[in-house]
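Working notes, beginning with the structure itself.
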Amino acid sequence: MGDSEENGRNGLLDAPAAGRPPTLGELLKLVGDARDGAGSDGSPSYDGSAVPLNYVVELDDVSVGDLRGRPLPFVLAFTNLTYSVKTPKKLTFPSLFRPRRSHSAASGGTKTLLDSISGEAREGEILAVLGASGSGKSTLIDALANRIAKGSLKGSITLNGETLESRLLKVISTYVMQDDLLFPMLTVEETLMFAAEFRLPRSLSAAKKRSRVHALIDQLGLRPAARTIIGDEGHRGVSGGERRRVSIGTDIIHDPIILFLDEPTSGLDSTSAFMVVKVLQRIAQSGSIVIMSVHQPSYRIMGLLDRLVFLSRGQTVYSGPPDGLPVFFAEFGHPIPENENRTEFALDLIRELEISGPTGSKPLVDFNRSWQLMKLPPGRRSPGVRFSLKDAISASISRGKLVSGATDGSGSASSVPTFANPFWIEMGVLTKRSFTNTRRMPELFLIRLGSVMVTGFILATIFWRLDSSPRGVQERLGFFAFAMSTMFYTCADALPVFIQERYIFMRETAYNAYRRSSYVLSNAVVGFPSLVLLSAAFAATTFFAVGLAGGFSGFFFFFFIILASFWAGSGFVTFLSGVVPHVMLGYTVVVAILAYFLLFSGFFINRDRIPGYWIWFHYLSLVKYPYEAVLRNEFGMASECFVRGEQIFDNTPLGNIPEEMKQRVVGAISRALGRRITSGTCVTTGEDILRQQGITQLGKWDCLWVTVAWGFFFRVLFYFSLLIGCKNKRR
């Protein structure tokens with residue numbers, strides 16, 4: 001295969017086309033040429049192994065007017081979008097002194113969030129949705145980004161005149177949330193590199209992926225902060241503006257055709273906000289459609305926007321270019337003062353109309369409809385789109401758009417794969433990212449290890465060198481019950497892990513960065529080494545100090561059953577973290593259910609004594625199986641004796657009578673049974689103790705495998721909870 005054909009596969013061109021700003025693919029070629037001239041020693045690495053050279057690629061600003069002279073490959077049109085939600089019923093209480101409300105007032109109704117919204121967004125332009133809080137800005141962005149259930153949204157959304165399928169939209173578009181959802185201990189370069197591993201195809205070499213990341217870092221203006229961690233409340237990192245640009249960068253690493261953003265300037269100072277929108281302008285001019293919501297843009301930001309849509313209570317009050325605002329409001333009868341900020345004036349006027357009377361902003365809505373019909377006759381309402389959707393995608397890929405793994409040139413919806421990489425690649429990248437993030441916070445594991453070691457030390461000193469007397473047997477039972485339940489309670493600290501990563505996961509999987517199954521497997525792989533260390537620490541601390549039976553073979557089984565308990569407990573807690581979205585509520589549920597598991601484990605009440613209507617919970621108890629396994633490991637040897645001769649009186653009121661009296665009673669029992677019982681006669685073996693505890697159904701290895709199976713079962717449930725509960729769509 002020739003070089004030109006290779007470049008065609010990967011979407012890389014030799015030079016930018018004339019009259020058009022370079023795409024990321026073309027920037028990558030420029031960076032690659034500069035790097036080849038510098039030599040291979042300056043090759044950067046996102047893991048910090050080499051210091052990269054700074055290659056700054058200048059992007060010439062190209063006016064939108066230059067783009068209007070050529071055919072528009074992509075036009076996203078939306079017509080009569082309507083979305084309503086049901087309002088909850090109000091609780092009313094009857095009163096003798098208050099008039100009764102009508103049934104319609106008390107019953108729930110519907111609230112319209114979007115009311116017949118129409119418009120279009122073009123490639124090379126930024127469409128900004130403006131309005132006051134509650135006007136429907138974010139709802140419109142969600143509707144266009146397919147984040148509203150199909151049955152709830154009415155109207156049509158087309159791309160180049162063709163209905164946009166949900167699967168294709170996920171591949172060619174991306175959605176940047178208002179919150180910056182990033183891993184705090186990764187650097188800017190690592191964050192973008194991991195995004196590249198997810199979104200770029202396996203056919204692209206690692207060197208080209210690194211070059212692509214560095215080209216994007218230069219485009220986002222993040223070169224000075226490339227080696228700085230993202231940071232959080234406890235770790236100092238990048239600034240707010242840099243953090244926002246990193247969030248955008250993670251979603252545009254594959255050069256999406258459509259970019260949705262929910263208030264990307266929220267919470268930023270004017271300079272940072274301007275830099276963010278300037279980056280978005282460059283992205284649009286490189287061949288993308290950019291649609292964003294913005295609360296109140298500054299004068300400088302207004303100069304970067306191409307189309308505006310003003311909303312008021314879910315209705316359009318203006319749709320057009322920023323330059324059309326003065327004429328629009330002048331004809332409406334409210335001219336904009338010469339030195340007034342146009343958007344501030346428009347938003348203030350809309351707010352005044354909303355609170356002025358019962359009609360609200362309806363006069364402005366009606367005027368906008370008539371003004372649109374007057375300014376845009378039916379024959380000129382839609383520009384001539386000369387490219388079909390298939391041809392437009394093909395042309396976009398050939399210009400350098402790597403549409404989530406598309407490596408052929410067809411560009412059709414069927415030829416674009418759902419995911420850029422196979423699941424084992426995804427699992428490897430997810431595992432590496434989690435290890436990188438967690439190893440920079442060793443205090444979390446050290447605290448968990450310390451708690452296990454302290455618990456083991458306390459148990460070892462309390463139950464030091466237990467003997468084989470009846471009292472030692474009772475103390476062993478208490479030690480095992482407490483130790484096994486502690487293993488499960490220790491797993492509760494895994495609860496916040498996914499709850500904190502939930503929205504990162506939802507953002508990344510919403511547009512097919514990786515499969516949910518890859519995340520579940522990676523989550524299990526990342527957590528397993530720490531479980532091995534915790535199990536080894538607890539077993540080594542307690543087994544020999546307490547004086548448990550079995551020697552080294554017994555020790556290794558004790559270690560394996562503790563590891564299986566950690567595995568099952570962490571799986572159970574991980575499943576709950578996928579079901580319960582709040583940390584404090586999750587802890588409450590975990591503690592309560594684990595208490596029930598301990599209650600029905602068989603320690604407090606034997607299986608034979610549990611009422612029939614509760615026996616099902618006994619078999620669902622996670623503590624039951626490791627508890628029975630360690631008892632089998634301790635008392636399963638037939639040669640071991642735990643009660644001899646006069647020891648039958650221990651732990652009874654007769655335990656304090658003189659030894660001579662005990663011998664007389666034992667002699668009387670011997671004569672009655674017709675069998676001689678002496679001080680050395682074994683009365684109770686380990687098997688007898690197991691029968692007394694109701695442990696007669698499963699062997700110790702059976703209990704071990706059942707415990708391991710519980711861990712797998714809960715991770716399967718975790719997968720289904722992600723599949724069902726993390727749709728990231730409005731109803």
Side-chain angles (χ1 to χ4, degrees), residues 61-69 72 75-81 114-132 135-137 140-141 144 265 274 277 280-281 284-285 289-354 361-385:
D61 293 335
V62 178
S63 64
V64 178
D66 297 335
L67 296 172
R68 291 172 181 164
L72 294 173
V75 177
L76 179 70
F78 46 98
T79 307
N80 296 328
L81 294 184
L114 297 178
D115 188 1
S116 301
I117 305 295
S118 301
E120 68 177 21
R122 304 178 183 179
E123 177 186 323
E125 297 181 349
I126 298 179
L127 171 64
V129 184
L130 296 91
S135 61
K137 302 188 301 296
L140 178 58
I141 299 294
L144 297 176
T265 61
F274 175 77
V277 180
L280 296 178
Q281 184 191 49
Q285 292 175 351
I289 299 174
V290 177
I291 304 175
M292 70 175 189
S293 61
V294 59
H295 184 66
Q296 195 165 358
S298 64
Y299 177 80
R300 292 196 300 166
I301 290 179
M302 280 294 295
L304 304 177
L305 306 179
D306 302 291
R307 289 175 179 267
L308 304 178
V309 173
F310 280 87
L311 298 181
S312 173
R313 295 178 180 174
Q315 294 180 302
T316 306
V317 294
Y318 176 78
S319 179
D323 296 340
L325 284 172
V327 178
F328 177 82
F329 284 102
E331 295 187 10
F332 181 65
H334 293 77
I336 301 177
E338 185 174 351
N339 296 325
E340 184 99 14
N341 185 303
R342 297 174 183 177
T343 55
E344 290 182 0
F345 176 86
L347 293 172
D348 291 343
L349 177 60
I350 293 170
R351 175 58 69 185
E352 290 178 6
L353 292 175
E354 289 177 346
S361 57
K362 189 176 185 300
L364 187 56
V365 174
D366 295 338
F367 175 77
N368 174 65
R369 290 174 180 169
S370 61
W371 190 80
Q372 294 287 345
L373 294 174
M374 179 179 62
K375 295 296 182 182
L376 297 174
R380 297 176 51 197
R381 210 168 290 170
S382 298
V385 179

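Reckoned from all heavy atoms, side chains included, excluding hydrogens, waters and symmetry mates. Nothing here was measured: the structure is a model prediction, and the numbers come from that model. Position 1 is the first residue of the sequence; numbering continues from there.
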Legend entry - Shortest non-hydrogen contact from Val317 toward Phe328: O-CZ, 3.1 Å

Inset, instruction - Locate the shortest heavy-atom distance separating Val309 from Ser319; write the atom from each residue and the value. - result: CG2-OG, 4.0 Å

Inset, instruction - Would you tell me whether Glu354 and Ser312 have side-chain atoms, one donor and one acceptor, within less than 3.5 Å of each other? - result: yes

Legend entry - pair Asp366-Arg369: side-chain heavy atoms closer than 4.5 Å: yes

Legend entry - Close side-chain approach of Phe310 and Asn368, heavy atoms under 4.5 Å: no

Inset, instruction - Provide the closest heavy-atom pair for Arg342 versus Pro322 in the form atom of the first, atom of the second, distance. - result: NH1-O, 3.5 Å

Legend entry - Check: Gly314 main-chain N/O paired with Asp115 side-chain donor or acceptor under 3.5 Å: no

Legend entry - Derivation of the side chain to side chain contact (heavy atoms under 4.5 Å, CB included) call for Thr343 and Val294: CA-CA 11 Å; Thr343 55; Val294 59; over 6 Å; no

Inset, instruction - Check for a donor-acceptor pair, side chain of Gln281 on one end and backbone N or O of Ile126 on the other, with a separation under 3.5 Å. - result: no

Legend entry - Rounded distance [0.5 Å steps], CZ in Arg300 versus CZ in Phe274: 5.0 Å

Inset, instruction - Working to the nearest 0.5 Å, report the span between CG of Leu364 and CD of Gln315. - result: 10.0 Å

Legend entry - Geometric class of the Phe367/Phe332 ring pair [parallel <30°, tilted 30-60°, perpendicular >60°]: tilted

Legend entry - Side-chain heavy-atom pair Leu140, Ile291 within 4.5 angstrom cut-off: no

Legend entry - Exercise: identify the closest heavy-atom pair between Gly124 and Asp306: O-OD2, 4.1 Å

Legend entry - Sub-4.5 Å side-chain heavy-atom contact between Leu127 and Met292: no

Inset, instruction - Please report the shortest heavy-atom distance between Leu280 and Val290, naming the atom on each side. - result: O-CG2, 3.8 Å

Legend entry - Spatial distance of atom CD (Glu352) from atom CD1 (Ile350) [nearest 0.5 Å]: 10.5 Å

Legend entry - From Asn80 atom CG to Ile117 atom CD1, the distance as rounded to the nearest 0.5 Å: 9.5 Å

Inset, instruction - To the nearest 0.5 angstrom, please state how far the CG atom of Leu130 sits from the CG atom of Leu311. - result: 8.5 Å

Inset, instruction - Give me the ring orientation class for Trp371 and Tyr318: parallel if the planes are under 30° apart, tilted from 30 to 60°, perpendicular past 60°. - result: tilted

Legend entry - Min side-chain heavy-atom separation Gln296-Leu347 under 4.5 Å: yes

Inset, instruction - Would you check if Ser118 and Thr316 make a side-chain contact, meaning some heavy-atom pair closer than 4.5 Å? - result: no

Inset, instruction - Inspect the contact between Glu120 and Arg122 and indicate whether a charged nitrogen and a carboxylate oxygen are less than 4.0 angstrom apart. - result: yes

Inset, instruction - Considering non-hydrogen atoms only, spot the tightest contact between Ala121 and Ile289 and give its length. - result: CB-CG2, 3.6 Å

Inset, instruction - Would you confirm whether Lys137, through its side chain, and His295, through its main-chain N or O, come within 3.5 Å as a donor-acceptor pair? - result: no

